[in-house]
2 protein chains.
Amino acid sequence: MTDATITCCAPIAREPLSESDAVEMAALLKAVADPVRLRLLSLIGSHAGGEACVCDLTDAFDLTAPTISHHLKVLRTAGLIDSERRGTWVYYWIIPSVVAKLGALFTPLSEPGAASGPVDVELVTA
Amino acid sequence: MTDATITCCAPIAREPLSESDAVEMAALLKAVADPVRLRLLSLIGSHAGGEACVCDLTDAFDLTAPTISHHLKVLRTAGLIDSERRGTWVYYWIIPSVVAKLGALFTPLSEPGAASGPVDVELVTA
DNA sequence: GCGCTGATTTGACAGATATCTAATCAGGGC
DNA sequence: GCCCTGATTAGATATCTGTCAAATCAGCGC
């Protein structure tokens, strides 16, 4: 009966994840748990117009086109991105709500009165 | 002042992730990209006192003790949890700052005028 | 139609991973 | 010391995954 931890933690640390939720989220996480796919997602999301042509993406990696295509398919199958063919080129864009689902699992619930943002974590450590 | 894209997106969609950051985050993500490890993390975090004995965890799964031990090791090696032996039992607890690092990647930056929380996503979909 | 470029699919393969059994380590009680 | 319980390590194995080369598909221009 210790209710002291109601608003302290990330959802994953507040109550036990059900098995089905765990399976669902793990599938999503597996899709992004790869350096290439993380960078693909990032490149697509930060590209001008919110979408990127495959040709823009391939150059950023030392990988063959089929490999990039494979990774894009993994992201698309997971529901994180979608694509459309426009003439010769195929364009990809992020589905923000699905990306947010990932963040929601791990981000501490913001308490009114905290700093500006919900989390203030150093990402770039190089 | 109102630059349309400054506060719109998750960090991963705001600017391209560097390769080293991608590798670092992918390692973290790979650790949680498994249903068993997700539930372990959740069980540990939501357990009374913020820590859980291995004996508490093993019963929640249809897996052998060595397998649970393996998964705990993966989480610990990634830096997401830590452990301590106390007499006969070994206790595990979450390292919140590392968990928050995961969330920070995918959580849209909250705008001061947005709804209550930074993200409002349905997690339980069965 | 033909050839060219962009992108995906297929097939193959090396490396990683999740799981188990058996063995080992760590404390506590006798 | 000896045994019992809790937990980890070691070894083995079946499966999954990331990558590439080769083949195929999709538009476009001639």
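Lettering of chains follows the sequences in order, A, B, ..., and the numbering in each one begins at 1.
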Exercise. Taking CZ from A:Arg86 and P from C:dA7, how many angstroms apart are they, rounded to a whole number?
Worked result: 12 Å

Exercise. Side-chain N or O of B:His70 less than 4.0 angstrom from OP1 or OP2 on C:dC20?
Worked result: no

For this session: Could you check A:Val36 against A:Gly87 and say which one's nearest nucleotide on DNA chain D is further toward the 5' end?
Result: A:Val36

Problem set entry | Protein-nucleotide distance (B:Ile68, atom CD1; C:dA18, atom C1'), rounded to Å | 11 Å

For this session: Provide, to the nearest angstrom, the distance between the CG atom belonging to B:Leu57 and the P atom belonging to D:dG6.
Result: 14 Å

Problem set entry | N or O in side chain of A:Arg37 less than 4.0 angstrom from D:dG18 OP1/OP2 | yes

For this session: Please report, rounded to the nearest Å, how far the C1' atom of D:dA7 is from the CG atom of B:Asp59.
Result: 14 Å

For this session: Give a yes/no on whether any side-chain N or O of B:Lys73 is located under 4.0 angstrom from OP1 or OP2 of D:dT8.
Result: no

Seminar exercise, completed: In this structure, NE2 of B:His70 is separated from CZ of B:Arg37 (nearest 0.5 Å) by 6.0 Å

Exercise. Is B:Thr64 near enough to C:dC20 that one of its side-chain N or O atoms lies under 4.0 angstrom from OP1 or OP2?
Worked result: yes

Problem set entry | Atom CH2 of A:Trp89 with >12 non-hydrogen neighbours under 6.0 angstrom | no

Problem set entry | Nearest-angstrom distance from the residue atom CG of A:Asp56 to P of C:dA7 | 8 Å

